[in-house]
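Following: one structure in structure tokens, then a few remarks.
All values below were derived from every heavy atom in this structure, side-chain atoms included, with hydrogens, water molecules and symmetry-related copies excluded. If you're wondering where the values come from, they're calculated on a predicted model, not measured in any experiment.
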Amino acid sequence: MPFQTYFGDKKYNWVNIDMDKSEKQDDVYQRYGIDDEVIAYSLDRNERAHFEYDQKTDTFVLVFNVPDQRKMDNHHETIPMVFMIKGRQLITLTNKNNQYIIQKMQKHLEDNTEMTIHQFLFSSLYIIMDSFFPYVEEMNIDRKTINDKLKIKTTKKNLLSLSDLETGIVYFVSASKQNAALLEQMKAHMVYRGLNEVEKEQFEDALIEARQLVEMTDLSSQILQQLSGTYNNILNNNLNDTMKILTALSILLTVPTIITGFFGMNMPLPLEHNAFGWMVTIFISIILWFGLSYVLRRLMK
């Protein structure tokens with residue numbers, strides 16, 4: 001059976017349905033008037049944040065992005081959570097990955113039992129927004145740690161860790177912008193105009209938190225991109241320096257090869273019958289080698 005509780009002097013009730021037991025809950029969906037489209041919203045982890053309002057049935061459906069507690073490929077992602085208001089009833093569709101939000105909502109409701117259904121909804125959205133910040137702060141700490149390691153040694157492992165952080169922050173930037181855009185759209189909707197002053201104030205708190213989250217994730221994303229670009233430039237410079245050294249060495253190694261090759265030809269040559277001819281050859285190679293290395297050193301500067 002789904003979790004159910006009453007609040008606001010028992011004027012409203014909140015029902016939470018665990019979607020992990022969906023195969024056994026067809027009668028539950030029918031009882032609460034949940035159609036296949038709403039169920040699909042909850043099951044599709046790629047569903048974008050949006051809201052729908054059916055004026056005929058007075059049904060309000062809201063899909064909101066929630067941070068996933070699990071780490072996938074060394075980074076956090078987001079999953080959708082569905083809220084549905086039908087008259088005086090709030091229905092949430094959740095699963096094991098966003099169930100922790102329900103626990104926070106229960107605690108908040110225990111401390112504020114006199115809320116209206118819209119106050120509870122907007123408080124829940126605020127709680128979701130607030131749950132993003134610890135993960136963003138965790139990413140910032142990981143970024144500093146990886147940056148310190150990269151300053152010591154630029155290894156493939158550390159660069160891959162930096163890439164994982166970039167991937168994770170992209171999910172959070174996208175999710176936070178979708179959530180903020182959804183609330184901005186709601187503010188222009190007829191549902192918002194029907195709210196009382198207290199409910200509007202609660203909505204504004206959620207909207208402010210959404211905007212702050214967008215700014216924070218954007219800032220973290222920009223810092224990560226700048227950090228990644230910096231280390232890419234460092235690696236490119238290191239590669240250029242290595243290629244310069246290898247090029248200089250290959251040029252310098254050609255000097256003794258050319259000299260010895262010249263005096264090794266099978267034809268009459270200077271110093272051919274001189275007992276110290278090989279020493280002269282070596283001396284010429286050394287002089288040319290040092291002269292060429294001096295020229296290359298000046299050019300490489």
Side-chain angles (χ1 to χ4, degrees), residues 1-21 25 27-34 38-39 41-42 49 51-55 57-67 69 79-135 179-180 182-183 186-187 189-213:
M1 292 296 293
F3 163 81
Q4 183 171 208
T5 186
Y6 291 87
F7 61 98
D9 291 332
K10 295 187 177 181
K11 293 179 181 177
Y12 314 101
N13 73 311
W14 168 35
V15 178
N16 179 60
I17 301 175
D18 187 351
M19 299 302 295
D20 292 328
K21 303 174 183 176
Q25 297 187 148
D27 58 333
V28 175
Y29 299 146
Q30 292 178 3
R31 185 191 314 163
Y32 293 108
I34 304 172
V38 175
I39 295 171
Y41 292 157
S42 181
F51 74 95
E52 300 173 1
Y53 178 68
D54 189 340
Q55 192 171 5
T57 59
D58 191 28
T59 302
F60 181 76
V61 178
L62 185 147
V63 182
F64 215 66
N65 290 313
V66 176
Q69 287 186 308
I79 51 177
M81 181 171 174
V82 177
F83 296 83
M84 184 167 68
I85 293 179
K86 297 190 71 173
R88 295 177 178 270
Q89 189 173 66
L90 172 65
I91 301 171
T92 53
L93 305 181
T94 59
N95 54 53
K96 61 182 180 182
N97 299 321
N98 53 23
Q99 195 69 30
Y100 71 98
I101 297 294
I102 298 301
Q103 297 170 4
K104 293 182 179 181
M105 290 170 62
Q106 286 177 320
K107 187 176 184 307
H108 181 73
L109 190 59
E110 289 171 1
D111 298 334
N112 302 272
T113 56
E114 301 303 317
M115 291 187 296
T116 67
I117 194 167
H118 286 100
Q119 281 181 267
F120 183 41
L121 172 64
F122 301 142
S123 297
S124 301
L125 299 185
Y126 184 95
I127 289 171
I128 291 173
M129 234 85 65
D130 194 55
S131 67
F132 273 91
F133 289 100
Y135 294 104
N179 288 346
L182 182 152
L183 294 177
M186 282 182 61
K187 194 171 183 179
H189 197 267
M190 60 180 295
V191 173
Y192 178 81
R193 293 193 290 271
L195 302 176
N196 61 39
E197 291 303 317
V198 178
E199 290 169 342
K200 286 182 178 179
E201 183 178 348
Q202 193 71 55
F203 176 86
E204 290 296 333
D205 290 341
L207 181 57
I208 291 170
E209 190 77 355
R211 289 168 177 167
Q212 289 177 347
L213 179 61

Parallel, tilted or perpendicular: rings of Y53 and F60 (30°, 60°): tilted
E201, CD: over 12 other non-hydrogen atoms inside 6.0 angstrom: no
Over all atoms of both residues, closest heavy-atom pair of L195 and V191: CG-O, 3.5 Å
Where P67 and S131 come nearest, the two heavy atoms and their spacing: CG-OG, 3.5 Å
Inter-residue atom distance L109.CG - T5.OG1, 0.5 Å rounding: 6.0 Å
Reported CE-to-CZ distance for the pair M105 and F120, which is rounded to 0.5 angstrom: 4.0 Å
Value rounded to 0.5 Å, distance of NE2 in H118 from NZ in K200: 12.0 Å
Student check: side-chain heavy atoms of E199 and Y192 closer than 4.5 Å: no
Distance in Å, L125 CG paired with M129 CE, rounded so as to fall on 0.5 Å steps: 5.5 Å
Positive for ring pair (Phe, Tyr, Trp, His ring centres under 6.0 Å) with W14, one of F3, Y6, F7, F83: F3
Atom of I117, atom of L90 and distance for their closest heavy-atom approach: CD1-N, 3.5 Å
Euclidean distance, N16 CG relative to Q103 CD, rounded to 0.5 Å: 10.5 Å
pair R88-N13: side-chain heavy atoms closer than 4.5 Å: no
Side-chain touch M84/Y41, heavy atoms, less than 4.5 angstrom: no
Minimum side-chain heavy-atom gap M115-Q202 below 4.5 Å: no
Sub-4.5 Å side-chain heavy-atom contact between M190 and R193: yes
Any donor-acceptor pair under 3.5 Å from N179 side chain to N65 backbone: yes
No-hydrogen, no-angle side-chain donor-acceptor test under 3.5 Å, Q119 and Y12: no
Shortest non-hydrogen contact between V63 and P80, atoms and distance: CG1-CB, 3.8 Å
Distance, nearest 0.5 Å, that separates NZ of K86 from CG of D54: 9.0 Å
Backbone N/O of T94 and side chain of N98: donor-acceptor pair under 3.5 Å: no
For the student: nearest non-hydrogen atoms of A49 and F64, plus distance: CB-CA, 4.5 Å
Heavy-atom pair with the smallest gap, counting every atom of F203 and L183: CZ-O, 3.1 Å
Heavy-atom side-chain contact between M186 and L62 under 4.5 Å: yes
Backbone N/O of V198 and side chain of N196: donor-acceptor pair under 3.5 Å: yes
Heavy-atom side-chain contact between F132 and Q212 under 4.5 Å: no
